[in-house]
Amino acid sequence: MGIAIGVDLGTTNSVVSALIDGRVVPLENASGTRTIPSMVTFPEGGSHLVGHAAKNQQVTSPDRSVYSIKRFMGRRHAEVAHEEKLVPYTVVGKPNELVKVRMGRKLHTPQEISAMILEELKDIAEAAIGEPVTESVITVPAYFNDAQRQATREAAEIAGMNARRIINEPTAAALAYGLESMRSKRAIVIDFGGGTLDLSAMNINNGRFEVTAVHGNTHLGGDDFDQRIIDIVADDFLRRERIDLREDAMALQRLKEAAQHAKVELSTREQTEIILPYVGVNKHGPVHLQYTLTRETFEGVCADLFESLRTCCQELRQIGGVGTGPNIEIILVGGSTRMPAVRRIIAEAFKTDKLNKSVNPDEVVGVGAGVLAAVLAGQMKNVHLMDVTSQTLGVESAGGGVSIIVPKNTPIPHSISRVYSTPRDNQTSVPINVLEGDSASAPDNRTLGLFRLKGIRRAKRGVPKIKVTFDIDADGILSVNAADADTGKSQEVVIQGGSGLTKDDHERLVEEGKNRRIDRRDRRAKVDLCDHAQGVVINLSKWLEHNKPYIESRAADQLHGQLGKLSKAIDNRREEKIRKLLTELDGIMAQNKAG
Ligand code: AMP
């Protein structure tokens with residue numbers, strides 16, 4: 001196995017890291033930054049753009065830009081009512097179907113969009129490492145369910161990579177943190193990013209990371225704070241100018257960026273100005289927006305969001321039996337932990353002002369993924385990782401109740417069997433409804449799989465023994481197996497949790513991914529050829545100018561003519577022609593030298 005990369009596939013930004021010269025480091029992209037926006041833009045009639053290139057296009061084509069796709073991974077339409085309102089693009093699908101993003105006449109699955117981001121990260125890594133990358137470790141929020149984890153795995157596959165492990169983001173953060181601090185300690189990782197809040201309590205002991213409890217809120221993140229600013233500013237503008245900026249996609253996009261910028265500024269300043277010139281037009285001409293936002297106002301309009309954070313911290317303390325005080329290390333992860341109110345609330349909730357922020361909050365998850373990637377590739381030793389399940393798993397019992405098989409926070413990998421029986425006499429089959437969730441009522445939980453175990457020998461109720469086995473692998477992915485242990489005949493049905501993507505769709509997407517990568521490579525080769533040819537035109541023109549007195553006029557004319565043709569071919573992007581003209585130029589130059 002070659003070099004494996006670690007990927008933090010974030011809601012807002014993504015990071016790729018790898019072991020280089022004995023250290024796991026975040027890798028820089030061509031523009032010199034170590035995070036890329038998790039964004040894909042589909043320009044009208046052109047090829048898709050990813051990361052910074054996509055973000056640059058966002059202002060001019062907001063409805064063709066896809067961000068926060070992670071919020072839709074492995075989810076059905078009925079589950080994303082809240083998320084749908086936060087994005088300018090259209091998501092479609094029947095309530096019980098996986099959502100898809102509509103872009104013009106094409107529909108894209110969230111897996112496909114995520115794969116485009118992963119392809120970009122793979123390219124960054126390959127450029128930095130200098131060899132092809134096919135192995136990866138990808139992080140997901142601790143609260144991701146089975147379908148969401150599977151969807152992430154599928155995205156990697158579409159991007160031409162094997163996801164060797166899917167790990168929880170807070171676990172990755174602690175792994176990265178453990179590199180600097182190997183002493184025995186109890187830690188709480190608070191990961192507050194653009195879209196989600198994940199809290200984890202863990203024990204760290206000589207390179208062993210044990211997650212003891214996880215908790216969080218999948219509907220709380222930096223985007224929600226941005227939205228509050230957008231709303232107060234847009235409401236104020238509507239009142240004063242009678243223009244609703246939320247109805248103009250381009251103005252809204254500008255306001256969105258300004259709101260996020262203002263929020264970031266308020267992390268270090270008490271007050272900030274939001275200024276958007278020419279943001280709208282009324283009968284007197286163009287109108288400009290200017291709004292002064294204080295930290296106090298901001299914290300006031302976001303009070304309930306901050307309270308949700310406080311509640312989450314308190315709930316984690318209860319679930320995890322987590323103590324308080326200065327002996328607990330608090331590890332801050334994600335951009336939103338830079339907000340002073342967030343730090344204040346965390347310090348209050350855990351009764352400590354010793355918040356640990358020495359690990360770069362934007363890169364720590366990506367680095368942790370890289371650590372695990374290096375460990376799995378056998379390049380790093382002495383790091384052991386023990387993770388826990390984030391969801392309660394069970395089966396529906398007679399009467400619509402739930403029989404819990406794997407409680408939340410069970411260490412994984414884990415395998416457990418339970419024996420059930422038939423509720424009625426002479427029953428030859430039983431339905432097995434595999435559930436995920438905390439409700440005691442089956443219909444209020446999420447069905448991961450539903451199947452019928454057939455061929456049970458007729459007997460009085462309670463006599464047959466049906467053994468149900470739950471197997472959870474190190475990635476948190478579940479397989480369920482039911483067998484009639486009573487007859488000895490093993491009739492087995494195994495269900496594998498899936499993202500909900502059909503086999504056909506899956507195969508098609510993997511194939512399209514392959515073609516897309518070939519396309520990208522060809523396009524890049526074309527750009528390189530054009531750049532090279534352009535360089536030849538510039539340098540040769542200079543050379544001709546410089547050496548005018550020494551060059552025969554017939555030869556100079558011939559070269560000028562050739563360069564003119566080459567420029568035209570570059571403008572028209574005619575690859576074959578460019579190659580032919582370059583070869584001819586080489587010939588002419590060689591002849592001149594010989595002459
Ligand atoms: P992440 O998902 O960790 O990349 O976090 C991104 C989120 O953090 C976005 O909502 C950013 O607006 C937010 N963020 C980044 N820097 C700051 C800051 N200095 N203050 C407040 N929020 C920030």
Side-chain angles (χ1 to χ4, degrees), residues 6-17 26 29 33-39 51-52 54-55 58 67-71 73 83 86-87 114 117 121 138-144 168-170 172-173 176-177 189-200 216-230 253 255-272 274 293-295 297-299 301-302 305-306 308-309 331-346 355 357 359-369:
V7 175
D8 169 9
L9 187 57
T11 308
T12 321
N13 293 306
S14 293
V15 176
V16 58
S17 74
N29 53 45
T33 56
R34 309 204 287 199
T35 58
I36 66 159
S38 304
M39 189 180 287
H52 293 288
K55 186 137 193 171
Q58 197 194 6
Y67 59 88
S68 288
I69 193 64
K70 189 168 168 178
R71 290 176 175 239
M73 285 288 271
E83 285 75 6
L86 295 174
V87 296
S114 294
I117 300 167
L121 296 167
I138 303 177
T139 62
V140 294
Y143 254 64
F144 255 27
N168 290 336
E169 286 157 9
Y177 194 73
V189 179
I190 299 180
D191 184 348
F192 203 8
T196 50
L197 167 69
D198 292 306
L199 307 178
S200 298
N217 185 339
T218 45
H219 295 303
L220 187 65
D223 298 349
D224 299 309
F225 293 84
D226 299 348
Q227 191 60 42
R228 291 293 162 88
I229 299 180
I230 292 167
Q253 184 48 42
L255 177 56
K256 219 169 237 180
E257 281 181 16
Q260 187 175 22
H261 186 72
K263 176 187 72 176
V264 168
E265 283 226 320
L266 290 177
S267 288
T268 46
R269 295 170 50 184
E270 289 294 332
Q271 186 171 311
T272 182
I274 296 174
L293 182 65
T294 63
R295 190 189 283 173
T297 308
F298 169 67
E299 290 183 358
V301 296
C302 297
L305 301 176
F306 289 120
S308 299
L309 166 69
I331 303 172
L332 299 183
V333 180
S336 300
T337 59
R338 290 198 173 103
M339 283 187 269
V342 166
R343 293 188 174 178
R344 206 165 54 231
I345 288 165
I346 293 168
L355 305 184
K357 3 174 231 260
V359 187
N360 185 334
D362 305 317
E363 297 167 358
V364 61
V365 169
V367 170

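Note that ligands are numbered from 1 as they come in the structure, with each ligand's atoms numbered from 1 the same way. Count residues from 1 along the sequence. These numbers come from the heavy atoms of this one structure, side chains and all, not from hydrogens, waters or symmetry mates.
Taking atom 10 (O) of ligand 1 as the reference point, the nearest protein heavy-atom neighbour is Lys263 NZ, 3.1 Å.
Residue contacts with ligand 1: Gly194 is placed with a nitrogen or oxygen under 3.5 Å of a nitrogen or oxygen of the ligand (distance criterion only). At least one N/O-N/O distance between Gly335 and ligand 1 falls below 3.5 Å. An N or O contact shorter than 3.5 Å is missing between Asp362 and ligand 1 by distance. At least one N or O atom of Ser336 sits closer than 3.5 Å to an N or O atom of ligand 1. Residue-to-ligand polar distances keep Asp226 apart from ligand 1: every N/O pair is separated by 3.5 Å or more.
In this structure Thr294 satisfies the side chain to side chain donor-acceptor pair (under 3.5 Å) test together with Thr297, sequence neighbours excluded. With sequence neighbours excluded, the residues that form a side chain to side chain donor-acceptor pair (under 3.5 Å) with Glu299 are Arg344.
Remark: Arg71 engages Asp223 in a salt bridge, criterion side-chain N to carboxylate O under 4.0 Å. In this structure, Lys263 pairs ionically with Asp226, as a charged nitrogen and a carboxylate oxygen lie closer than 4.0 Å.
Atoms of ligand 1 lying under 4.0 Å from any heavy atom of Asn13, numbered from 1 in the order shown and given with element: 4 (O). Remark: ligand 1 atoms within the under-4.0 Å shell around heavy atoms of Gln260 are 9 (C), 10 (O), 11 (C), 12 (O). The distance from ligand 1 to the heavy atoms of Gly334 drops below 4.0 Å at these ligand atoms: 3 (O). When each atom of ligand 1 is checked for a heavy atom of Thr12 under 4.0 Å away, the hits are 2 (O), 6 (C). Numbered from 1 in the order shown, with element, the atoms of ligand 1 that lie under 4.0 Å from a heavy atom of Met339 read 21 (C). Taking every heavy atom of Ser267 and a limit of under 4.0 angstrom, the matching atoms of ligand 1 come to 18 (C), 19 (N), 20 (N), 21 (C). Close approach to Gly222 involves these atoms of ligand 1, each under 4.0 Å from a residue heavy atom: 10 (O).
Side chains of Ser14 and Ser38: a donor-acceptor N/O pair is present below 3.5 angstrom, by distance only.
The number of heavy-atom neighbours closer than 6.0 Å to NE2 of His261, taken from other residues, nucleotides and ligands shown, is 12 or below.
In this structure, Arg228 contributes its side chain and Val301 its backbone to a donor-acceptor pair below 3.5 Å.
Using a 30° and 60° split on the angle between ring planes, Phe225 and Phe298 fall in the tilted class, from 30° to 60°.
The heavy-atom pair separating Asp8 from Thr139 by the smallest distance is CA-OG1, 3.4 Å.
Contact annotation: Val264 has at least one heavy atom less than 4.0 Å from an atom of ligand 1.
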